[in-house]
Chemist: 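Have a look at this one.
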Amino acid sequence: MPAYALRGAAGIVAALILAAGVWASWDSARYVMLSDGGRERGTLSLARCGDDTCTGPYAPASGGKSRDRVVIDRSVATPKGERIPVVVKPESDEAVRTGGPGFLHAWLPLGGALLLAAVVVAGGLRLNRTAGVLALAGGIQLTAAFAALSL
């Protein structure tokens with residue numbers, strides 16, 4: 001197989017990895033980033049945490065309805081009893097953390113995709129500097145998310 005075909009295939013794989021990272025991140029990030037008037041914002045008091053999710057009562061910031069149980073993805077260093085700002089997804093009892101930590105947490109899949117794409121770019125395309133930039137960007141995003149959620 002010609003070298004240009006292999007490089008083209010590696011480029012397509014790297015682009016697909018990055019697109020998948022954006023797609024996976026956008027499911028939560030759109031609620032954090034876009035301030036649509038119909039979104040219900042408030043505070044979640046963490047009552048119970050399992051392996052993957054945490055639950056607790058929700059208090060709206062203004063105009064919404066209180067809920068006894070709202071579910072949120074478990075994040076690092078979130079102790080029981082902590083109150084965190086959230087936005088509730090429409091037509092559900094699922095919440096997404098807002099603010100800076102919520103923004104960084106929502107984009108975690110993209111950070112992982114950047115690291116994975118860096119390996120493909122370095123190995124398949126032989127673009128070591130570009131791969132280094134991708135890996136650095138992914139590492140910074142993941143580290144910033146961990147640090148923001150740990151504080």
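Here the structure is a predicted model, which is why all the values come from computation and not from measurement.
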Chemist: Could you walk me through whether Trp107 and Trp26 pass the side-chain contact (heavy atoms from CB on, under 4.5 Å) test, one step at a time?
Modeler: CA-CA 8 Å; Trp107 288 104; Trp26 188 246; 4.0 Å; yes
Chemist: Passes side-chain contact (heavy atoms from CB on, under 4.5 Å), Arg97 versus Ile72? Steps please.
Modeler: CA-CA 8 Å; Arg97 189 174 186 156; Ile72 191 168; 4.1 Å; yes
Chemist: Between Leu125 and Val120, does the side-chain contact (heavy atoms from CB on, under 4.5 Å) criterion hold? Intermediate values first, please.
Modeler: CA-CA 7 Å; Leu125 297 175; Val120 174; 6.0 Å; no
Chemist: To the nearest 0.5 Å, how far apart are NE2 in His105 and CZ in Arg74?
Modeler: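 Atom-to-atom, His105:NE2 and Arg74:CZ are 11.0 Å apart.
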Chemist: side-chain contact (heavy atoms from CB on, under 4.5 Å), that's the test. Do Val88 and Asp93 meet it? Break it down for me.
Modeler: CA-CA 7 Å; Val88 178; Asp93 285 332; 5.6 Å; no
Chemist: Ignoring hydrogens, what is the shortest heavy-atom contact between Gln141 and Leu104? Give both atom names and the distance.
Modeler: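 Residues Gln141 and Leu104, closest heavy atoms: NE2-O, 2.9 Å.
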Chemist: Closest heavy-atom contact between Lys89 and Val96?
Modeler: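 Residues Lys89 and Val96, closest heavy atoms: CE-CG2, 3.5 Å.
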Chemist: Hydrophobic clusters here meaning ILVMFWY residues chained together by side-chain heavy-atom distances under 4.5 Å, can you tell me if Leu116 and Val121 are in one?
Modeler: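 No, because Leu116 and Val121 fall into different hydrophobic clusters, even though each may have its own neighbours under 4.5 Å.
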Chemist: Nearest 0.5 Å, what's the CD1-OG1 distance between Ile84 and Thr43?
Modeler: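 So the gap between those two atoms works out to 9.0 Å.
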Chemist: Are Met33 and Val22 connected into the same hydrophobic cluster when the rule is that any two of I, L, V, M, F, W, Y join if their side-chain heavy atoms are below 4.5 Å apart?
Modeler: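 Yes, it is one cluster - the side chains of Val22 and Met33 are joined through contacts under 4.5 Å.
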Chemist: Please round to the nearest 0.5 Å and tell me the distance separating atom CZ of Arg30 and atom CZ of Arg39.
Modeler: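 Here the rounded value is 7.0 Å.
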Chemist: Could you pull out the closest heavy-atom pair between Leu34 and Arg41, with the gap in Å?
Modeler: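 Minimum heavy-atom contact is O-NH2, 3.7 Å.
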Chemist: Take a 6.0 Å sphere around CZ of Arg7 and say whether it holds more than 12 heavy atoms from other residues, nucleotides or ligands.
Modeler: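 Counting neighbours around CZ of Arg7, more than 12 heavy atoms of other residues, nucleotides or ligands fall under 6.0 Å, so yes.
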Chemist: Which heavy atom of Cys54 sits nearest to which heavy atom of Leu46, and what is that distance?
Modeler: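 Looks like CB-CD2, 3.7 Å.
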Chemist: What closest approach, in Å, do Leu134 and Ala118 show between heavy atoms, and which atom pair accounts for it?
Modeler: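 Looking at all heavy atoms of both residues, the closest pair is CB-CB, 3.9 Å.
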Chemist: Output the distance between atom CG (Leu110) and atom CG (Leu142), rounded to the nearest 0.5 Å.
Modeler: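 It comes to 9.0 Å.
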Chemist: Indicate the atoms forming the closest heavy-atom contact of Thr98 with Val87, along with that distance.
Modeler: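 Shortest heavy-atom separation between Thr98 and Val87 comes out as CG2-N, 3.6 Å.
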Chemist: Side-chain contact test, heavy atoms from C-beta onward, threshold under 4.5 Å: evaluate it for Pro90 versus Tyr31 and give yes or no.
Modeler: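 A side-chain contact exists here, since the closest heavy-atom pair is under 4.5 Å.
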